[in-house]
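Contents: one structure, followed by commentary.
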Protein chains: 2
Amino acid sequence: MASTSDSPILVEPPRPVDHSDAEGVFKALASERRLLILDWLKDPVANFPPQVHGDPVEHGACNLFIVDKLGISQPAASRHLKVLVDAGLVIPTRRRGWTYYRRDEVALARAAAIAAAV
Amino acid sequence: MASTSDSPILVEPPRPVDHSDAEGVFKALASERRLLILDWLKDPVANFPPQVHGDPVEHGACNLFIVDKLGISQPAASRHLKVLVDAGLVIPTRRRGWTYYRRDEVALARAAAIAAAV
DNA sequence: TGGCGAGATAGCTACCACGCTATGTCGCTA
DNA sequence: TAGCGACATAGCGTGGTAGCTATCTCGCCA
């Protein structure tokens, strides 16, 4: 079981909001496809087909499902996911040759705090 | 005195968050210069020189001051301001040949709500 | 160990955002 | 009414982003 699967959203130390930080977060969110991905990952069980390996709640949704649902090429989807991972908003898990993605709720809460401070 | 100067942030009706809306807001915020402008406009009196015409609290800061403080050309600054105005985050006021800009706190609160819903 | 499938990377093209200079528009004032 | 100052718009060059196809890497399994 994932160590954070049944914890509430962790509380970050109240760090001051940095503009360059904020710019990076908003850049990562400034794409409809990436917003869709984040939305789908809110409920992997409802939004993706059943997975044979990898618990969708624990590890997240399988890369292939996201690629299919986006309807763009696999490399293009891969890059969108990389943008989200680099921004720290999504956590990848490699397992048995597949890669699963899940939301990082802590980082997303921090992003919301940044937006609230604009 | 500004009609909203001593009101709390107005409460918008709870409209559902739309992805294309969200993309537009995040695009407008995905620029360090525009984040700086929004930050400066939080306190026009402290961040800009005293204005001869136009109350900085009521109408906002004078375009010229923003251009100077950004340190870029006047057309470039003008376009950044247009992006913020088009996104509805900043309100322009033309008066006596000058243009003043102030934050739209309602729209900014809505932007924060959008970010919190991602 | 050879083959296959998942996914990242490379390399290309098209497009958009941002900077600049030059110029247009419009209102105020001498 | 001529001139000037504030601001927007036009046009151009450049860098970054998003899409694609082709290819590479690497783990799994027969």
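Convention: sequence-line order gives letters A, B, ...; per-chain numbering from 1. Bear in mind the structure is a predicted one, so any value in this text is a computation, not a measurement.
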In this structure, how many angstroms lie between the [atom2] atom of [N] and the [atom1] atom of [X], rounded?
X       : N      : atom1 : atom2 : value
B:Leu84 : C:dA17 : CG    : C1'   : 14 Å
A:Arg79 : D:dG16 : CZ    : P     : 14 Å
B:Lys27 : D:dG16 : NZ    : P     : 17 Å
A:Ile37 : D:dA18 : CD1   : P     : 11 Å
B:Ile72 : C:dT21 : CD1   : C1'   : 14 Å
B:Trp98 : D:dC7  : CH2   : P     : 8 Å
B:Arg94 : D:dC7  : CZ    : P     : 7 Å
A:Gln74 : D:dC24 : CD    : C1'   : 12 Å

- Message: Nearest heavy atom decides the nucleotide; on that basis, is B:Asn63 or A:Ala30 closer to the 5' end of DNA chain D?
- Response: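 Its nearest nucleotide lies further toward 5', so the answer is B:Asn63.
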- Message: Both A:Ala77 and A:Gly97 contact DNA chain D. Taking the nearest nucleotide for each, which residue is further toward the 5' end?
- Response: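 Its nearest nucleotide lies further toward 5', so the answer is A:Ala77.
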- Message: Can you confirm whether more than 12 heavy atoms, excluding those of A:Lys42, are under 6.0 Å from its NZ atom?
- Response: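 More than 12 heavy atoms, drawn from other residues, nucleotides or ligands, come within 6.0 Å of this atom.
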Would you tell me if any nitrogen or oxygen in the side chain of [X] comes within less than 4.0 Å of OP1 or OP2 on [N]?
X       : N      : answer
B:His80 : C:dG19 : yes
A:Arg34 : D:dT17 : no
A:Ser78 : C:dG7  : no

Considering only [options], which nucleotide approaches the side chain of [X] most closely?
X       : options                : answer
B:Ser73 : D:dG19, D:dA18, C:dC20 : C:dC20
B:Arg33 : D:dC7, C:dT29, C:dG19  : C:dG19
B:Ala76 : C:dA8, C:dG19, D:dC20  : C:dG19

- Task: Indicate, with yes or no, if B:Tyr100 and B:Val83 share a hydrophobic cluster defined by side-chain heavy-atom contacts under 4.5 Å among Ile, Leu, Val, Met, Phe, Trp and Tyr.
- Result: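 As far as the 4.5 Å side-chain criterion goes, B:Tyr100 and B:Val83 are not connected within one cluster.
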- Quick one: do B:Val85 and B:Ile91 satisfy side-chain contact (heavy atoms from CB on, under 4.5 Å)? Show the steps, please. CA-CA 6 Å; B:Val85 170; B:Ile91 300 170; over 6 Å; no
- Query: Between B:Phe26 and A:Phe26, how do the two ring planes meet: parallel, tilted or perpendicular, split at 30° and 60°?
  - Reply: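 Taking A:Phe26 first and then B:Phe26, their aromatic rings lie parallel (interplane angle under 30°).
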Please table the atom pairs, donor to acceptor, closer than 3.5 Å between any side-chain atom in residues 64-73 of chain B and protein atoms at least two apart or in another chain.
{"unit_1": "B:Lys69", "atom_1": "NZ", "unit_2": "B:Asn47", "atom_2": "O", "d": "2.7"}
{"unit_1": "B:Ser73", "atom_1": "OG", "unit_2": "B:Ala76", "atom_2": "N", "d": "3.4"}

